[in-house]
Amino acid sequence: MAGCVSQGRPPVPQAAAGKQITRDGAQLALPDGTRVTPDSTGGFLLPNGDYVKRDRSGALVLPTGARCAPNAGGYVCP
C-alpha cells in the first residue's frame, strides 16, 4: 500500500523587496553603502552629482522619478 502524501498548497511567490535607504543618525545610508547628509529640505546630493529631493508627503523622489516612501527605518524604494 502506497503512503499517502499531502501535496499542500503551492508556494506563493513573494513580491520583490525594494531597496532600503536607512537612517543612521543625521545621515542616510544608501543601498550601496554610501552615506549622505540630507540638507534643510530633506533632500541630498548623490555622489554622481544628481539631486534627490523630498516631496511634501515626506517621500524621496529619485532623479529617475521613482519615489521612496518613508517607513520606520528610513525609506523603501522600488
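Partners of Thr22 by side chain to side chain donor-acceptor pair (under 3.5 Å), not counting sequence neighbours: none found. Legend: residues meeting side chain to side chain donor-acceptor pair (under 3.5 Å) with Arg35, ordered by chain and number and at least two apart, are Asp24.
If you take CG on Leu28 and CZ on Phe44, they are separated by 5.5 Å, rounding to the nearest 0.5 Å.
Across all non-hydrogen atoms, the minimal contact from Gln27 to Pro38 is CA-CD, 4.3 Å. The nearest pair of heavy atoms linking Ala26 to Thr37 is O-CG2, 4.2 Å. Looking at every heavy atom in both residues, Ser57 comes nearest to Pro70 through O-CG, 4.4 Å.
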Show me the donor-acceptor pairs within less than 3.5 Å that the side chains of residues 58-66 make with the rest of the protein, sequence neighbours left out.
unit_1: Thr64; atom_1: OG1; unit_2: Ala66; atom_2: N; d: 3.4

Practice problem: Show your reasoning for whether side chain to side chain contact (heavy atoms under 4.5 Å, CB included) applies to Val76 and Cys68. | Solution: CA-CA 5 Å; Val76 64; Cys68 299; over 6 Å; no
Kindly determine whether Leu30 and Leu46 satisfy side chain to side chain contact (heavy atoms under 4.5 Å, CB included), including the steps that lead there. CA-CA 10 Å; Leu30 304 181; Leu46 293 171; 3.8 Å; yes
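Because its NZ or CZ atom is not both nearer than 6.0 Å to the ring centre of Tyr75 and within 45° of the ring axis, Arg54 does not count as a cation-pi partner of that residue.
Two residues are said to be in side-chain contact when any heavy atoms from C-beta on lie closer than 4.5 Å; Arg67 and Asp55 meet this criterion.
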